[in-house]
Every structure is written in C-alpha cells, then in structure tokens.
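In listed order, ligands and their atoms are each counted from 1.
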Amino acid sequence: MRKIDHFIGGAAYAAGERQGEVFDPNNGGVQAHVGLGNAKDLGRAVDAARAAQPAWAATNPQRRARVMFKFKELIEKNMDELATLLSSEHGKVIADAKGDVQRGLEVIEFACGIPHALKGEYTHGAGPGIDVYSLRQPLGIVAGITPFNFPAMIPMWMFGVAIACGNAFILKPSERDPSVPVRLAELMQEAGLPDGILQVVHGDKEMVDAILDEPDIKAVSFVGSSDIAQYIYSRGTANGKRVQAFGGAKNHGIVMPDADLDQVVNDLAGAAFGSAGERCMALPVVVPVGDKTAGNLREKLIPAINALRVGVSTDAEAHYGPVVTAAHRDRVENYIQMCVDEGGELVVDGRGFTLQGHEEGFFIGPSFFDHVKPHFRSYQEEIFGPVLQMVRAGSFEEAVRLPSEHQYGNGVAIFTRNGHAAREFAARVNVGMVGINVPIPVPVAYHTFGGWKRSGFGDINQHGMEGVRFYTKTKTVTQRWPDGSVTGENAFVIPTMG
Ligand code: NAD
C-alpha cells in the first residue's frame, strides 16, 4: 500500500506509528496511508525552517520571484499529473481538478511580482533633513492548515505569498487528500527553493495543536469548517500569533423577476452541483423573488438537474464525481432527511444513487428542495454536498435580509438585469464577496479573498495585497544625516517636524 510521508528539510520523512487512511472515492477502498505526525515531527520541520529562513529572507526579492516563475513553469508542465492525482483522492472531475491547480497558480503569478508588492513608502524631507521610509519584513516561520476541498489552490494561495515575502512555510494539509500538497513542495524544490523553506507535515488535531503551540511559528493561516476555524483563531491568538481563519459557508443566489432564467439555470447547475457541492463558494441556496419567478425557475431547474451526469472523476462527460468519504456522503444524506423532516419539499431526491461498476464509490445524486424556510436547521447549517435549497422571498428587501442574517457570510450572488437593484444589493448585503450575474465570485489573485461573520475570523484576507500584509510586518525608519552643526535645541521635548 502506498505511504504518504512528511516532506521535511527537502526530503521525505516517515511519520511515527499513527496512520490515516486515504480513500479512493470512486471505488470506496483505501488507496494509501498517510502518517499522522506529532510535536516531535513538527519540531524537526521548525529546526529546518529556522536554519534556512534567514538566508531566504536576505535573498533579494527578484531572486525569490525567479523561483516562483520556475515553479509556475513546472506546474504547467506537470498539470495533467497533478490533476489526475488530485482527482483520485478528492473525487472531483479532472477538468475541475485542473481548475483547482490553475486558481492556485494564479496566486503564484501574483507572487512573481513580489518585488513590486514589497516596495515600502517613502517621504523625503518629512522634517528638516529628515526622511521617513517603511520596510516590509517577513515574519520568519509561518504555517498553513488547509481543507480537503481545494488541495492545490488553497496551499498555493498561502505559501505562494508567504514564501515570496521571505518566510519559511510549514503546510499541514488535509489528511484526506495529502498527496498533491507534497508534490507541490517537491516541485518548489525542483524550482530552486532552498530546503526547509516549504515543508509539509501531515496529521490531525495533534499536529494542528502542536503548530498552534509552537512559539517559533509567528502566523497561522487556516481554511476549513467554522468551529475549527474559531478554535484555531482563539488558541493561535492566545499564543500571540497572527491568525487568519476562514470557515464554512452557505452562499445564496438571489434571482430577481427580471433575470435571464436560462442563464440562471445554467449558472446554478454548475455552482450548486459542481465538485459535488464541496466548495466554500458553491451556491447551495437559491432565492427567487416572487412566486412567479419561483415557479418559472423551478420548472426550468428540474429538467436541468435531472440531466446532470454523475460519474467517476476520470469520466470526461461527468458533471461531478463522488464526495470525498463515505462519512461525508452519510452526513449529506442525513441533512437531506433533516430537510424533509423539517417540511421542505424534496423535488429531486439524489439519495441512494449508485453507479454501475462502482457500487462502493461515494456517489450522491443531485437533490433539489423547494419551500425551504429560514428557520430550518438544514438551511442554517452548511451541507457541503450536491443539494440545492430554494427559499422563496416575497420582496427584494427579504432577499437582502436572508443572506445578511445568515450565520455565514462568505459569498452571495444576485441575478438581475437591473443595475440599480444590483448596486443596492452589493452595497447593503452583509457578506464578504458578491457576484452580480456571476455565480461563484472568487476574486482574482491580485484582489483579496475572505468571508464575513462565521466564514472568517481575523481581519486580513487571503492573497492580493492583504496576503502580503498578513505575511509581513511593517518597520518604519526615520533617518537624519546631520551635517555636523549640532544645535541641541529642544532635546528634552518630544520631537516634532516643526
Ligand atoms: P475541516 O475543518 O474538517 O478541516 C480543515 C483542517 O483542519 C484540516 O487540515 C484538518 O486536519 C484540521 N482539523 C480537523 N479537525 C480538527 C480539530 N478538531 N482540531 C484541529 N484541527 C482540525 O474542513 P474540511 O472538511 O477539510 O473542509 C471543508 C470545510 O472547509 C467546509 O466547511 C468549507 O466551507 C470550508 N472551506 C472554507 C473556505 C473559505 O475560504 N472560507 C474554503 C474552502 C473550504
């Protein structure tokens, strides 16, 4: 059986006795074991990072960027291999797996411009003979803890920026699909990154707690579910670290009466069911405004949902593949039953779906509910599966209120032809990322990504200039080069610039 080791100090490093199982979601069997590490393994990685980081920080930013350029080339060269490996552990279809790698790569492209992003501010002549300038310096050793659903994109969002800024980065990826993160670290090394600057440690809570308690790790970036995000934020900040922790989501798609419903159905099918709904920016709730809109939308949605093709992740014709584990499939199916029990109308039932020849695979057919109410627990919580819930709104005001009052505030979309309504909605809705006729509004790499409320703990977003701020600290230098004419005036008074 294949064994997945840590990647420490530029080489594979076997973890101790504890092992996790990595499944093949297409067939339901165990395809590999991953070593679950502990504080001792982390200590080894921290030692390697401590030895390597000062020289990396002293390497000029242009040379650091060159490693990123080379890494980008290697990713492009190895795209097929990475996507196949990712798809085999996660279950997302190959085209979607390539998208996962590509969206991460876009942050690497941003990191290629790091010399520009690290330029500080400068004021010449802030006082008599005095200049003031700022430096952005790396924090030292930083860590990232990532979820199963984007095993390439989210690690690259984090380490691309952190490493380009001059930090050493320790990645603790999801133990459910840990192979791609290790391949990324190997490719970074092939691109010329010194040993110890990007390391991968595997594990579960034991390893995460070791990271949170390690004094030499100065910042932690986390993406995962909200309860864990809150825990990471509390324990990390209590230990004096800088922490950004992104959590779960329940994104709403508002459909105004004037929307192009064919376009909406097309967008919703992909945004609700793509990647089997296992995306934090999926659209699992649709909110038509007015019963007429709801009726028309429902009529068009049913055949579109029934036409979705569920298949193995290597099936080029499949719209989506299996979910990541049997436990996750059961969780999603329990939520479907909960919504039925709460009074939702189950219009399309995806439970009990089996794929011929892959009966043990973790497949779920698409489900669609109408008449879901805001007080349902199945609406209030994140399902993270191929389930679309329709909540009918009586007015635009109600449609703004639903996502605004929901516990999660990651993304939201509005579909309309009315610019004024869209503008009002974008300004007023209490959610971090908004799409206007864009179902999955994940911002491009040079803007920043981050949800509100229980979708994000901490104040600094991911990637773009906020990413640079997260992984650096600002030093401000006030300088004077006296010409020898000492005055000594006002030496005991707080200095002012006159
Ligand atoms: P998860 O919270 O189970 O795991 C995330 C990470 O935390 C993993 O590395 C895992 O090993 C670790 N972890 C798990 N349990 C832990 C514990 N008790 N203590 C400490 N660490 C623990 O999340 P997941 O199931 O891998 O990913 C899906 C979740 O991530 C969904 O809720 C999804 O919405 C969210 N997500 C959010 C974003 C975002 O940007 N907001 C992006 C992607 C995914």
Residue selection (non-hydrogen contact nearest atom 3 (O) of ligand 1) among E278, R176, H202, M433: R176
Quick test of your reading of the model: are E398 and R401 salt-bridged, counting only N-O distances below 4.0 Å? no
More than 12 heavy atoms of other groups within 6.0 Å of E17 CD: no
Using the ring centroid of each side chain, check whether Y13 and H202 are separated by less than 6.0 Å. no
Within the 4.5 Å heavy-atom criterion, are V265 and L297 side-chain neighbours or not? yes
Identify whether the distance between the nearest side-chain nitrogen and carboxylate oxygen of R2 and E89 falls below 4.0 Å. yes
Around atom 19 (N) of ligand 1, find the nearest protein heavy atom and jot down its residue, atom name and distance. K205 CG, 3.5 Å
With ring centroids as reference points, do F150 and H90 lie under 6.0 angstrom apart? no
By number and element, which atoms of ligand 1 are closer than 4.0 Å to a non-hydrogen atom of E175? 10 (C), 11 (O)
Salt bridge R18-D41, side-chain N to carboxylate O under 4.0 Å: no
Taking only non-hydrogen atoms of K172 and a 4.0 Å limit, the atoms of ligand 1 in range are 8 (C), 9 (O), 10 (C), 11 (O)
If we number the atoms of ligand 1 from 1 as shown, the ones under 4.0 Å from a heavy atom of G248 are 32 (O), 34 (O)
Determine, using heavy atoms of F384 and all atoms of ligand 1, whether some pair is separated by less than 4.0 Å. yes
Closest to atom 21 (N) of ligand 1 among protein heavy atoms sits V208 CG2, 3.4 Å
Would you mind checking which non-hydrogen protein atom is closest to atom 40 (O) of ligand 1, with the distance to 0.1 Å? F449 CE2, 3.0 Å
Which of the numbered atoms in ligand 1 are under 4.0 angstrom from any heavy atom belonging to F222? 5 (C), 6 (C), 7 (O)
Is a salt bridge present between E109 and K72, judged by a nitrogen-to-oxygen distance below 4.0 Å? yes
Can you pull out the closest protein heavy atom to atom 44 (C) of ligand 1? Residue, atom name and distance to 0.1 Å, please. N149 OD1, 3.2 Å
Return the residue, atom name and 0.1 Å-rounded distance of the protein heavy atom closest to atom 1 (P) of ligand 1. S225 OG, 3.6 Å
Polar contacts were defined as any N/O atom of the residue lying under 3.5 Å from an N/O atom of the ligand; does this apply to D209 and ligand 1? no
Please write down residue, atom name and distance for the protein heavy atom closest to atom 42 (C) of ligand 1. C280 SG, 3.0 Å
Any nitrogen or oxygen of P147, side chain or backbone, less than 3.5 Å from one on ligand 1? no
Taking everything shown except R423 itself, do over 12 heavy atoms lie less than 6.0 Å from its CZ? no
Step by step, would you call Y335 with E381 a side-chain hydrogen bond (donor to acceptor under 3.5 Å, both in side chains)? CA-CA 9 Å; Y335 270 114; E381 296 180 2; 2.5 Å; yes
Using distance alone, decide if ligand 1 has a nitrogen or oxygen within less than 3.5 Å of any nitrogen or oxygen in E382. yes
Indicate yes or no: does an N/O atom of F148 lie under 3.5 Å from an N/O atom of ligand 1? yes
Does ligand 1 have an atom under 4.0 Å from some heavy atom of I154? yes
Just jot down the ligand 1 atoms closer than 4.0 angstrom to any heavy atom of V223, in number order. 5 (C), 36 (N), 37 (C), 38 (C), 39 (C), 40 (O), 42 (C), 43 (C), 44 (C)
Could you go through the side-chain hydrogen bond (donor to acceptor under 3.5 Å, both in side chains) check for Q337 and R351 one step at a time? CA-CA 9 Å; Q337 188 56 46; R351 292 173 297 178; 2.6 Å; yes
For Q380, is there any backbone N or O sitting under 3.5 Å from a side-chain donor or acceptor partner on Q407? yes
Indicate the ring-plane relationship of F449 and W157, choosing parallel, tilted or perpendicular according to the 30° and 60° boundaries. tilted
Nearest-neighbour protein heavy atom for atom 37 (C) of ligand 1, which is reported as residue plus atom name and distance: G247 O, 3.0 Å
Need the ligand 1 atom indices (1-based, order shown) with element for anything under 4.0 Å from a heavy-atom of I145. 6 (C), 7 (O), 9 (O)
May I ask you to identify the nearest protein heavy atom to atom 16 (C) of ligand 1, giving residue, atom name and distance to one decimal place in Å? I228 CD1, 3.6 Å
